[in-house]
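Indexing begins at 1, ligand by ligand and atom by atom, following the structure's order.
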Amino acid sequence: MLTVHHLNDSRSQRILWLLEELEVPYEIKKYQRLPTLLAPPELLAVSSLGKAPVITDGEVNLAESGAIIEYIMRKYGKGKLAQPEEGTQAALDDLYYLHYAEGTLMPIFVLGFICNIVPERAPWFMRWFLNMIFGQLRAQIVEPEVKKNINMIESHLSKRDWLAGGSEPTSADFLMSYPMEIADLYKLGGPVTHAYVKRMQARPAYKRALERGGEYSYAKL
Ligand SMILES: N[C@@H](CCC(=O)N[C@@H](CS)C(=O)NCC(=O)O)C(=O)O
């Protein structure tokens with residue numbers, strides 16, 4: 001049976017959601033973040049970078065959410081969720097957002113997170129100085145980038161329910177679910193982001209994934 005190596009409050013939640021949508025049987029091996037928020041060293045036993053998600057499916061051991069979602073869609077997705085037809089604009093939108101989620105959007109959020117935690121975790125006598133430096137970085141780079149990116153996503157989503165424009169989520173939505181939940185929780189987006197996240201979280205498969213995955217601060221049961 002397929003195993004998801006799942007870290008609490010992490011990107012691996014979206015793999016559980018996908019598997020629930022496709023009704024693929026799976027088991028979960030749970031890992032708990034350390035107080036530093038890093039993954040515990042046990043994850044290094046299943047993947048060389050020690051990050052989540054990772055899946056094990058028979059002989060296959062695969063990390064990186066985008067790769068995992070493409071693998072699962074190809075192997076188990078046939079005839080389940082309607083995917084966009086090759087050569088259409090919908091297929092291009094799906095392809096774009098599938099790569100954009102981890103390639104562009106998440107690095108901006110991670111940079112914002114670093115700007116917050118570096119001063120927070122520094123010795124008290126350095127905090128004022130680091131707050132000034134990282135505050136500048138946040139104001140000059142992170143915030144304008146977040147605004148530009150959220151505007152682009154919201155303009156796209158204002159005309160459709162799902163990123164590829166169909167009646168059901170596609171690979172791109174599974175990838176984008178995690179950053180969009182972050183955007184909604186931290187109020188980085190507006191009503192379009194909020195409606196998209198609520199639409200996703202209202203799906204029965206999403207709720208089942210949440211129940212099985214346990215602790216996930218970006219959504220409540
Ligand atoms: N691009 C990778 C990112 C993997 C990643 O950074 N995962 C985080 C969880 S959201 C993690 O394992 N963090 C703990 C750590 O870095 O120790 C993916 O999408 O799978």
Side-chain angles (χ1 to χ4, degrees), residues 2-22 24 26 28-57 60-77 94-118 120-121 142 145-146 149 153 163 169-186 188-189 193 197 200-201 206 209-210 212-220:
L2 190 150
T3 301
V4 182
H5 299 274
H6 174 62
L7 182 67
N8 63 300
D9 286 332
S10 85
R11 288 163 166 93
S12 47
Q13 190 64 37
R14 56 192 168 184
I15 308 300
L16 307 185
W17 176 33
L18 173 62
L19 289 166
E20 289 291 341
E21 289 281 357
L22 298 178
V24 178
Y26 65 99
I28 305 180
K29 186 159 185 327
K30 292 187 179 173
Y31 301 80
Q32 196 67 24
R33 285 187 189 266
L34 303 174
T36 55
L37 298 182
L38 292 176
E42 298 88 77
L43 252 176
L44 282 166
V46 283
S47 112
S48 26
L49 298 182
K51 293 182 188 293
V54 180
I55 59 162
T56 312
D57 188 23
V60 173
N61 198 63
L62 191 62
E64 196 60 50
S65 335
I68 295 172
I69 287 173
E70 287 210 52
Y71 170 88
I72 292 173
M73 278 295 199
R74 280 184 208 160
K75 184 162 176 191
Y76 300 104
D94 187 46
L95 183 65
Y96 174 74
Y97 281 104
L98 170 73
H99 289 276
Y100 163 83
E102 285 296 320
T104 297
L105 188 56
M106 277 310 294
I108 299 167
F109 288 171
V110 170
L111 185 57
F113 175 69
I114 290 170
C115 288
N116 291 340
I117 63 161
V118 172
E120 260 169 46
R121 293 182 183 182
V142 179
E145 279 300 317
V146 167
N149 278 266
I153 301 164
L163 289 160
T170 62
S171 303
D173 297 291
F174 294 101
L175 255 296
M176 285 289 284
S177 60
Y178 183 67
M180 290 301 276
E181 286 179 319
I182 294 177
D184 191 43
L185 184 71
Y186 293 103
L188 306 174
T193 296
V197 168
M200 167 198 317
Q201 293 178 343
Y206 182 99
L210 203 54
R212 283 197 63 182
E215 193 184 343
Y216 186 63
S217 312
Y218 305 100
K220 294 279 164 275

Less than 3.5 Å between some nitrogen or oxygen of Ala39 and one of ligand 1, yes or no?
yes
Can you find an N/O atom of Tyr178 closer than 3.5 Å to an N/O atom of ligand 1?
no
Does ligand 1 come near enough to Glu64 that some N or O of the ligand is less than 3.5 Å from an N or O of the residue?
yes
If you have a sec, work out which protein heavy atom is nearest atom 16 (O) of ligand 1 and how many Å separate them, to one decimal?
Lys51 NZ, 2.5 Å
Just going by heavy-atom distances, which of Leu7, Leu34, Ile15 is nearest to atom 11 (C) of ligand 1?
Leu7
Indicate the ring-plane relationship of Tyr100 and Tyr96, choosing parallel, tilted or perpendicular according to the 30° and 60° boundaries.
parallel
Relative to ligand 1, is Arg33 under 4.0 angstrom through side chain, backbone, both or neither, heavy atoms considered?
side chain
Return the closest protein heavy atom for atom 3 (C) of ligand 1 as residue, atom name and distance.
Arg11 NE, 3.5 Å
Write out the residue and atom name of the closest protein heavy atom to atom 12 (O) of ligand 1, then the distance separating them to 0.1 Å.
Ala52 N, 2.9 Å
Is there a side-chain contact between Met176 and Leu105 (heavy atoms, below 4.5 Å)?
yes
Tyr76 and Tyr71 aromatic ring geometry - parallel, tilted or perpendicular at 30°/60° bounds
perpendicular
For ligand 1, the portion of Ile68 having any non-hydrogen atom under 4.0 Å away
neither
Geometric N/O contact Glu102 with ligand 1, under 3.5 angstrom:
yes
Flag, side chain of Asn8 to backbone of Arg33, donor-acceptor distance under 3.5 Å
yes
Which of Asn61, Leu62, Leu49 passes side-chain contact (heavy atoms from CB on, under 4.5 Å) with Val54? It is Asn61
Give the residue, atom name and distance (to 0.1 Å) of the protein heavy atom nearest atom 19 (O) of ligand 1.
Ser65 OG, 2.5 Å
Between His5 and Ser12, a side-chain donor and acceptor under 3.5 Å:
no
Using a strict 4.0 Å cut-off to heavy atoms of Pro53, name the atoms of ligand 1 that fall inside it.
20 (O)
Output yes when a side-chain donor or acceptor of Asp173 lies under 3.5 Å from a complementary backbone atom of Thr170, and no otherwise.
yes
Just list the side-chain donor-acceptor pairs under 3.5 Å for residues 13-21, sequence neighbours left out, or say none.
from: Gln13; atom 1: NE2; to: Ala209; atom 2: O; distance (Å): 3.2
from: Arg14; atom 1: NE; to: Arg11; atom 2: O; distance (Å): 3.3
from: Arg14; atom 1: NH1; to: Leu175; atom 2: O; distance (Å): 2.4
from: Arg14; atom 1: NH2; to: Ser65; atom 2: OG; distance (Å): 2.7
from: Arg14; atom 1: NH2; to: Glu102; atom 2: OE2; distance (Å): 2.6
from: Trp17; atom 1: NE1; to: Glu21; atom 2: OE2; distance (Å): 2.8
from: Glu20; atom 1: OE1; to: Arg208; atom 2: NE; distance (Å): 2.8
from: Glu20; atom 1: OE2; to: Tyr26; atom 2: OH; distance (Å): 2.6
from: Glu21; atom 1: OE1; to: Arg203; atom 2: NH2; distance (Å): 3.1
from: Glu21; atom 1: OE2; to: Arg203; atom 2: NE; distance (Å): 2.6

Heavy-atom side-chain contact between Lys29 and Val46 under 4.5 Å
no
Atom indices of ligand 1 within 4.0 angstrom of Arg14 heavy atoms, with elements
19 (O)
I'd like to check which ligand 1 atoms, numbered from 1 as shown, lie under 4.0 Å from a non-hydrogen atom of Ser10.
9 (C), 10 (S)
